[in-house]
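Encoded as structure tokens, here's the structure I'll be asking about.
Position 1 is the first residue of the sequence, and the numbers go up from there. The structure displayed is predicted, hence computed values, not measured ones.
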Amino acid sequence: MENKIILTGDRPTGRLHIGHYAGSLRRRVELQNSGEYKKIYIMIADAQALTDNIENPEKVRQNIIEVALDYISCGLDPEKSTLLIQSQISELCELTFYYMDLVTVARLQRNPTVKSEIQMRNFEASIPVGFFTYPISQAADITAFKATTVPVGDDQLPMIEQTREIVHKFNTVYAPVLVEPAALLSEQEACKRLPGTDGRAKMSKSLGNCIYLADTADEVRTKIMSMYTDPLHLQVSDPGHLEGNTVFTYLDAFCRQEHFERYLPDYANLDELKAHYQRGGLGDVKVKKFLNNIMQETLEPIRSRRKEWEKNIPAIYEILKKGSDAAREVAAETLSEVKSAMKINYFEDAELIRAQSEKYEEQ
Ligand code: ATP
Ligand code: MG
């Protein structure tokens with residue numbers, strides 16, 4: 001095992017959805033079970049969620065447990081991964097404060113994800129400073145645990161880039177204390193930024209275009225059957241288009257060879273299905289039913305594990321507390337190294353006190 005460390009997380013702004021699953025969660029579980037990582041930290045980013053939910057603290061509070069339930073139901077195992085709540089690690093705020101000196105306003109303004117999020121939230125002239133600077137706080141989260149690897153969707157790439165710049169600057173100006181992280185993206189194009197069921201933006205809790213991991217079987221079926229496909233594909237016999245066709249994007253993300261054997265044996269694989277759709281003669285309903293079968297198969301075990309854990313909520317809070325306590329110790333260690341590199345560790349520096357005494361004795 002090399003010294004590889006993972007840090008990743010989600011904002012408690014709602015239950016997790018299949019975009020999270022495809023973009024990051026599924027991978028996290030594989031990485032957790034691969035045994036290749038020394039440590040895995042999974043963070044519920046409540047402080048970050050508050051930056052654009054200032055009027056809604058109750059929403060953030062309620063969703064901590066939803067996100068934690070989704071984690072555990074997907075197979076994140078508290079024995080193998082440290083599950084923590086961001087706000088409980090006050091060291092992260094201190095790190096953020098010091099990193100702010102290393103970033104310019106112009107650099108933050110260039111961040112394309114923050115730009116589009118500002119637009120989506122209609123912040124324009126009234127952006128909370130905390131929201132504007134959340135990439136810096138994210139750098140604190142990642143570096144506090146000396147993470148080498150951050151599994152994320154591609155909307156997070158600018159944050160990782162920003163973190164790397166902060167690390168580089170810190171290590172150059174002060175001392176080589178921090179570790180430069182790398183993003184780990186899904187290999188499948190469709191999973192890097194799964195679109196919402198409306199086919200417009202990315203699936204996102206804040207946009208209400210999600211299939212949630214905790215949705216009932218009926219809810220999933222209803223959402224799939226009314227999904228956006230190809231507006232030009234009016235009759236079954238019409239040739240269909242794959243570009244921007246959400247149903248096919250989801251098939252790219254979730255369909256495996258064995259699904260054809262089980263649910264659609266007339267076709268050998270996804271390429272054949274796509275070819276038929278493009279030629280014409282294949283109706284949307286048939287494709288949607290196939291997708292529904294796949295999603296039900298994928299989500300059923302998650303749903304039933306969730307039902308079990310929902311009976312034991314105090315145990316989940318206990319897991320989060322234990323994880324946060326453990327994480328805090330690690331963050332405190334990093335903060336202490338950061339402060340000594342920055343020469344703000346006066347009381348631990350016996351040499352400083354000795355030298356200052358000498359200076360005055362000589363006078
Ligand atoms: P919010 O709307 O509150 O920002 P969100 O749905 O965007 O919520 P986040 O908590 O911001 O979810 O994202 C958590 C992680 O999941 C990030 O790594 C992000 O890249 C990934 N992710 C979120 N949505 C998608 C998606 N549609 N496809 C792939 N990955 C995603
Ligand atoms: Mg987001």
Carboxylate-amine/guanidinium proximity below 4.0 Å for Glu219 and Lys223 |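 A salt bridge is absent here (no side-chain N lies under 4.0 Å from a carboxylate O).
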
Answer yes or no: does atom CD of Glu187 have more than 12 heavy-atom neighbours from other residues, nucleotides or ligands under 6.0 Å?
->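 Not more than 12 within 6.0 Å, no.
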
Just checking, is any N or O donor in the side chain of Gln86 or Arg11 under 3.5 Å from an acceptor N or O on the other one?
->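 Not at all, the side chains of Gln86 and Arg11 share no donor-acceptor pair under 3.5 Å.
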
Might you point out which heavy atoms bring Lys286 and Leu282 nearest each other, and give the distance in Å?
->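 For Lys286 and Leu282, the tightest heavy-atom pair comes out as CD-CD1, 3.8 Å.
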
Nearest atoms (heavy-atom pairs only) where Val60 meets Asp46 |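 Looks like CG1-CB, 3.8 Å.
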
Before accepting this row, confirm whether a basic side-chain N of the pair Asp218/Arg221 lies closer than 4.0 Å to the acidic partner's carboxylate O.
->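 Arg221 and Asp218: salt-bridged.
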
How far does CD1 of Ile64 sit from OG of Ser87, to the nearest 0.5 angstrom?
->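 So the CD1 of Ile64 and the OG of Ser87 are separated by 6.5 Å.
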
In terms of heavy-atom contacts, does CD of Glu258 have more than 12 from other residues, nucleotides or ligands at under 6.0 Å?
->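 It does: Glu258 CD has more than 12 such atoms within range.
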
Take Ile18 and Leu299 through the test side-chain contact (heavy atoms from CB on, under 4.5 Å) and record every step on the way to the result.
-> CA-CA 9 Å; Ile18 61 170; Leu299 296 177; 4.1 Å; yes

Tyr250 and Phe254 aromatic ring geometry - parallel, tilted or perpendicular at 30°/60° bounds =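 Geometry flag for Tyr250 against Phe254: perpendicular rings.
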
Apply the side chain to side chain contact (heavy atoms under 4.5 Å, CB included) test between Leu213 and each candidate in Val220, Leu16, Leu69, Thr298; give the one that qualifies.
->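 Going through Val220, Leu16, Leu69, Thr298 one by one, the side chain to side chain contact (heavy atoms under 4.5 Å, CB included) with Leu213 is satisfied by Leu16 alone.
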
Hey, do the aromatic rings of Tyr267 and Phe290 have their centres closer than 6.0 Å?
->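 No, the ring of Tyr267 stays outside the 6.0 Å limit from the ring of Phe290, centre to centre.
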
Within a reach of under 6.0 Å around CD of Glu261, are more than 12 heavy atoms found that belong to other residues, nucleotides or ligands?
->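 Counting other residues, nucleotides and ligands, CD of Glu261 exceeds 12 neighbours.
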
Once you round to the nearest 0.5 Å, how far does CD of Glu189 lie from CG of Asp252?
->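 Going from CD on Glu189 over to CG on Asp252, the span is 10.0 Å.
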
Answer yes when Arg305 and Glu300 have at least one side-chain N-carboxylate O distance shorter than 4.0 Å, and no when they do not.
->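 Here Arg305 does not pair with Glu300 in a salt bridge, since their nearest N and O are not under 4.0 Å apart.
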
State whether Asp155 and Arg193 are salt-bridged, where the test is any N-O pair (Lys NZ or Arg NE/NH1/NH2 against Asp/Glu carboxylate O) under 4.0 Å.
->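 The answer is no: the pair does not qualify as a salt bridge.
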
Looking just at side-chain N and O atoms, do Ser24 and Arg28 make a donor-acceptor pair shorter than 3.5 Å?
->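 Note: Ser24 and Arg28 side chains meet the donor-acceptor criterion.
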
Exercise: do Lys339 and Asn345 side chains pair donor with acceptor under 3.5 Å =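 Judged by distance alone, the side chains do not pair up.
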
Are side-chain N/O atoms of Asp230 and His241 paired as donor and acceptor at under 3.5 Å?
->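 His241 and Asp230 do have a side-chain donor-acceptor pair below 3.5 Å.
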
Over all heavy atoms of both residues, which pair between Phe260 and Cys255 is shortest? Give the atoms and the distance, please.
->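 Scanning both residues, the minimum pair turns out to be CE1-SG, 3.4 Å.
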
Near Gln257 CD, under 6.0 Å, is it more than 12 heavy atoms from other residues, nucleotides or ligands?
->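 Correct, the count exceeds 12.
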
Does the side chain of Asn292 come under 3.5 Å of the side chain of Gln296 through a donor N or O and an acceptor N or O?
->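 Present: a donor and an acceptor within the cut-off.
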
Heavy-atom distance under 4.5 Å between the side chains of Val179 and Ile5, does that happen here?
->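 They are not in side-chain contact.
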
Please name the pair of heavy atoms, one in Gln32 and one in Lys80, separated by the smallest distance, quoted to 0.1 Å.
->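 Scanning both residues, the minimum pair turns out to be CG-CB, 3.7 Å.
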
Test item: side-chain donor near acceptor, Thr13 and Lys205, under 3.5 Å =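 The answer is yes; a qualifying pair exists.
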
Please report the C-alpha distance between Tyr134 and Thr113 in whole Å, then the side-chain angles of each, then the deciding distance to 0.1 Å, and finally whether the side-chain contact (heavy atoms from CB on, under 4.5 Å) criterion is met.
-> CA-CA 11 Å; Tyr134 91 75; Thr113 301; 4.2 Å; yes

Measure the shortest side-chain to side-chain distance between Lys39 and Ser81 over non-hydrogen atoms and say whether it is less than 4.5 angstrom.
->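 With C-beta onward as the side chain, the pair stays apart.
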
Run the salt-bridge test on Glu310 and Lys307 with the 4.0 Å N-O cut-off and return the result as yes or no.
->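 A salt bridge links Glu310 with Lys307.
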
Which heavy atom of Asn209 sits nearest a heavy atom of Ser204, and at what distance?
->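 Here Asn209 and Ser204 meet closest at OD1-N, 3.1 Å.
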
Taking atom types as modelled and ignoring hydrogens, do the side chains of Tyr277 and Asn245 form a donor-acceptor contact shorter than 3.5 angstrom?
->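 Indeed, the side chains of Tyr277 and Asn245 share at least one donor-acceptor pair under 3.5 Å.
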
Which heavy atom of Thr51 sits nearest a heavy atom of Pro128, and at what distance?
->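 Answer, listing the atom of Thr51 first, then Pro128: O-CG, 3.6 Å.
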
From CA spacing to verdict: side-chain hydrogen bond (donor to acceptor under 3.5 Å, both in side chains), Gln156, Gln138 | CA-CA 10 Å; Gln156 293 302 307; Gln138 220 162 299; 2.7 Å; yes

Is it the case that more than 12 heavy atoms not belonging to Arg107 sit under 6.0 Å from its CZ atom?
->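 More than 12 within 6.0 Å, yes.
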
Looking at side-chain heavy atoms only, is the closest gap between Tyr174 and Leu102 below 4.5 Å?
->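 Tyr174 vs Leu102: side chains touch.
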
Determine whether more than 12 heavy atoms belonging to other residues, nucleotides or ligands lie under 6.0 Å from atom NZ of Lys169.
->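 No, NZ of Lys169 has 12 or fewer neighbouring heavy atoms, counting only those of other groups under 6.0 Å.
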
About how many Å separate CD of Glu165 and CD1 of Ile160, when rounded to the nearest 0.5 Å?
->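 It is 12.0 Å, given to the nearest 0.5 Å.
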
